[in-house]
There are 2 protein chains.
Amino acid sequence: MPRRRVTQADVAALIGVSQATVSFVLSGRTPSGVRISAETRQRVLDAIRITGYSANPVAQRLAGGHNQILGVFTYETTFPSGGRDFYGPFLIGIEHAAEQIGVDLLLFTSARVVEGSRRLTTSGWQRLGIADGCLLLGQHEEQAELQHLLDTNYPFVFVGRRESEGGRLPYVGADYLSGTRRAVLRAADMGHRRIGYVGARTSDQPTRDRLAGYQAAVADRGLHPTYIESVDTARVVAQIAEQSLSAVLLAPENDPDELRLALLEMRIRVPEDLSVLLLGQPHHRLPGPTRWSGFTIPREQMGSRALLLLSHLAGTLYAGTSSPGSPVLGGGRADPDLHQLLECTDVAGETLVPPNGRGGAGTLTRSSTILEPKRTHA
Amino acid sequence: MPRRRVTQADVAALIGVSQATVSFVLSGRTPSGVRISAETRQRVLDAIRITGYSANPVAQRLAGGHNQILGVFTYETTFPSGGRDFYGPFLIGIEHAAEQIGVDLLLFTSARVVEGSRRLTTSGWQRLGIADGCLLLGQHEEQAELQHLLDTNYPFVFVGRRESEGGRLPYVGADYLSGTRRAVLRAADMGHRRIGYVGARTSDQPTRDRLAGYQAAVADRGLHPTYIESVDTARVVAQIAEQSLSAVLLAPENDPDELRLALLEMRIRVPEDLSVLLLGQPHHRLPGPTRWSGFTIPREQMGSRALLLLSHLAGTLYAGTSSPGSPVLGGGRADPDLHQLLECTDVAGETLVPPNGRGGAGTLTRSSTILEPKRTHA
DNA sequence: TCAAGGCAATTATGCGCATTATTAGCAGCT
DNA sequence: AGCTGCTAATAATGCGCATAATTGCCTTGA
């Protein structure tokens with residue numbers, strides 16, 4: 001057993017052929033009119049088995065080939081120490097898919113951190129090249145960086161929907177829009193008429209999608225939209241009371257447990273006085289005992305689907321020595337859809353019930369005692 | 001701006017020197033009597049700044065250098081989907097350290113899975129070479145594989161203690177032994193005389209360490225050791241009653257909440273009738289509401305310390321263009337300790353109280369009603 | 001008998017960098 | 001002048017693989 005790793009040259013020498021022949025057999029491709037006889041091919045394969053040869057991914061990559069490594073770039077720290085981790089579920093899916101298709105995952109943890117989020121600067125850039133392609137997770141991407149990505153023709157896939165001119169950014173996202181829409185309809189069908197939306201007024205895609213879904217569904221049912229910006233919990237509670245809402249949709253940046261407590265202080269019970277629908281898993285802390293109604297994002301599935309898509313785009317799929325020779329040039333000339341939207345999973349939960357007193361709001365008396373919040377809002 | 005990435009040759013051409021000169025300036029090393037004048041060095045550095053050059057990690061590695069990539073090999077799936085993840089906390093620490101020292105993390109998710117655990121087979125083997133070194137996490141390692149690792153002189157570090165002849169396996173572990181010892185002493189100092197140990201009878205290092213700690217502490221205090229093997233919860237409960245224990249140490253493979261419930265069925269309340277000390281975070285499911293006494297493993301710290309150690313061993317630490325030229329050959333000729341044991345963190349918790357009726361066990365009447373368990377044990 | 005053409009493979013080259021071996025230039029000395 | 005010794009750099013090589021360019025051989029047709 002040689003201490004040095006076995007190379008294609010070793011394999012070739014063993015059966016008296018050239019290194020190039022081994023390479024051709026391995027890749028299955030023969031770009032320049034090269035032919036390998038069935039017999040030679042078999043001898044090479046045997047020699048590979050005997051020597052236990054396995055390609056050096058580094059050399060493969062340097063020579064312009066693929067190396068079965070896919071990158072994962074997270075704009076924020078991948079594994080946050082405080083509270084629940086946001087990327088965890090995605091990574092579970094990603095890892096699962098990676099295991100399935102036999103690729104390694106490269107986490108770009110070395111990227112420079114600017115203003116709390118990682119950046120794809122020139123230096124970070126070069127490092128991407130190690131992998132055949134890269135998954136991008138997080139919200140803080142910059143336009144310039146994306147442009148660069150597109151320009152270089154490097155395969156990448158966003159986890160999470162990304163609108164772009166010409167639909168040039170590939171992504172695997174969750175369908176917040178129809179999820180939110182269904183949430184509204186569920187409440188409406190149960191008799192709720194005053195259904196509010198509580199969330200941050202940011203311009204990220206998920207927020208836009210949720211708002212669009214809310215708006216559309218409310219219009220559908222001839223209801224009146226009520227937007228509540230969630231900066232200060234006390235304020236949110238006050239507004240809910242003022243507007244005598246009987247149900248609210250809660251964007252995931254809210255902390256539902258905190259809100260519930262604050263509501264309780266104002267004698268508004270969930271769900272007896274107020275139904276609550278969660279639009280995705282809350283970002284904050286660990287889940288409490290409450291089974292919130294609403295929907296969840298299929299994060300694991302998003303992760304694995306994204307990796308699969310990326311793998312297609314990167315052409316990282318001839319794996320073993322099996323298939324005859326799928327074309328692996330270009331970038332994603334095959335079928336996989338560049339824009340995949342996954343359905344959100346509705347959760348029945350226990351916080352959606354018919355409106356109080358079966359009439360609708362029944363909140364008039366309550367609201368009168370509540371209009372002036374005791375808390376000062378900083 | 002050239003579409004192609006900037007290479008050392010480009011930088012060199014810009015100021016009219018050779019590619020080798022650039023390489024020398026970058027690495028700071030001059031193995032064979034090569035000298036670079038301060039002036040030239042400065043010009044090179046300027047050119048690098050101007051062009052935005054950044055090394056190609058792939059080429060670096062192929063040419064026998066380091067590439068600031070450290071591998072992470074987990075014998076089990078890194079991100080388990082069922083229940084709580086075991087590696088998570090380690091990874092948090094690992095990532096944090098990686099970010100600090102500016103290295104990327106390579107997850108070997110492509111390794112073949114044999115009998116439910118990943119293997120470092122020959123093929124998996126080759127892939128390790130991509131990284132400068134590798135972290136190993138998990139219990140299912142094989143002797144042969146480890147031998148191979150040592151033979152090839154590839155830098156690696158175990159997360160978790162590993163005994164080995166000659167102490168050749170580098171690791172960063174938790175001091176289960178003294179942690180367990182302290183747990184016993186805490187109970188004894190509170191008046192407990194009958195302190196049992198509940199755990200699996202496996203031969204892994206943590207179990208051996210815990211048992212050693214238990215044994216030593218019990219002997220210290222002149223107590224009698226009671227070992228209870230945890231296969232069937234009902235049986236465990238029965239034995240606890242039979243032996244009229246007033247406190248038990250619970251190895252982390254037990255599910256404390258489940259045990260507590262089972263105990264309750266036998267009218268044994270925790271902690272009134274039985275004090276319980278947890279020897280590390282339970283492997284199973286999410287933490288319940290109970291604040292268990294005992295200790296926790298500093299998993300995050302283990303992760304980051306391990307990565308730091310690995311980084312030393314791999315010589316992955318000249319980073320920027322700063323230091324004059326630290327020796328980077330050999331393997332870990334510096335100070336970092338190859339065997340690091342981290343102290344476990346004691347947790348006061350609410351399940352350790354003085355023994356019932358201040359006398360010791362006070363369990364005689366209780367045990368008589370309990371001796372025959374109602375459950376059949378499969 | 002010789003060119004044309006297909007087959008089966010080989011040789012050559014380069015990816016970007018680290019590193020060894022080598023060279024050019026010059027001062028100081030005998 | 002010629003040699004040594006020193007500084008400051010360059011040229012050359014190889015890592016292991018992918019791939020373009022090329023070669024040798026054999027069959028076929030005229």
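Protein chains get the first letters and strands the later ones, always in sequence-line order, with residue 1 at the start of each.
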Have a look at L62(A) and say if it touches a base, only the backbone sugar-phosphate, or nothing, with a 4.0 Å heavy-atom cut-off. base
What is the nucleic acid contact for T7(A), judged by heavy atoms within less than 4.0 Å: base, sugar-phosphate only, or nothing? sugar-phosphate
Can you check whether [X] has a side-chain N or O nearer than 4.0 Å to OP1 or OP2 of [N]?
X      : N       : result
S37(B) : dA9(D)  : yes
S23(A) : dA18(D) : yes
T40(B) : dA8(D)  : no
Q60(B) : dA18(C) : yes

With a 6.0 Å cut-off on ring centres, are F156(B) and Y154(B) close enough? no
Between [N] ([atom2]) and [X] ([atom1]): distance, integer Å:
X      : N       : atom1 : atom2 : result
Q68(A) : dA18(D) : CD    : P     : 11 Å
Q19(A) : dA21(D) : CD    : P     : 17 Å
R61(B) : dT19(C) : CZ    : P     : 12 Å
R35(B) : dA9(D)  : CZ    : P     : 11 Å
N67(A) : dC17(D) : CG    : P     : 13 Å
I36(A) : dG6(C)  : CD1   : P     : 19 Å
R5(B)  : dG16(C) : CZ    : C1'   : 9 Å
F24(A) : dC7(C)  : CZ    : P     : 17 Å

Toward the 5' end of DNA chain D, by each residue's nearest nucleotide, V34(B) or G64(B): V34(B)
Between A9(A) and R43(B), which has a closest nucleotide on DNA chain D that is more 5'? R43(B)
Is any NZ, NE, NH1 or NH2 atom of the basic residue among D10(A) and R5(A) found under 4.0 Å from an Asp or Glu carboxylate oxygen of the other? no
Output the distance between atom CG (L105(B)) and atom OG1 (T109(A)), rounded to the nearest 0.5 Å. 4.5 Å
Candidates dA20(D), dC15(C), dA12(D) - which lies nearest the side chain of A63(A): dC15(C)
Determine, stepwise, if the pair D46(B) / Q42(B) fulfils side chain to side chain donor-acceptor pair (under 3.5 Å). CA-CA 6 Å; D46(B) 290 343; Q42(B) 194 50 54; 3.1 Å; yes
Checking side chain to side chain contact (heavy atoms under 4.5 Å, CB included) against L136(A), which of Y171(A), F158(A), F108(A) comes through? F158(A)
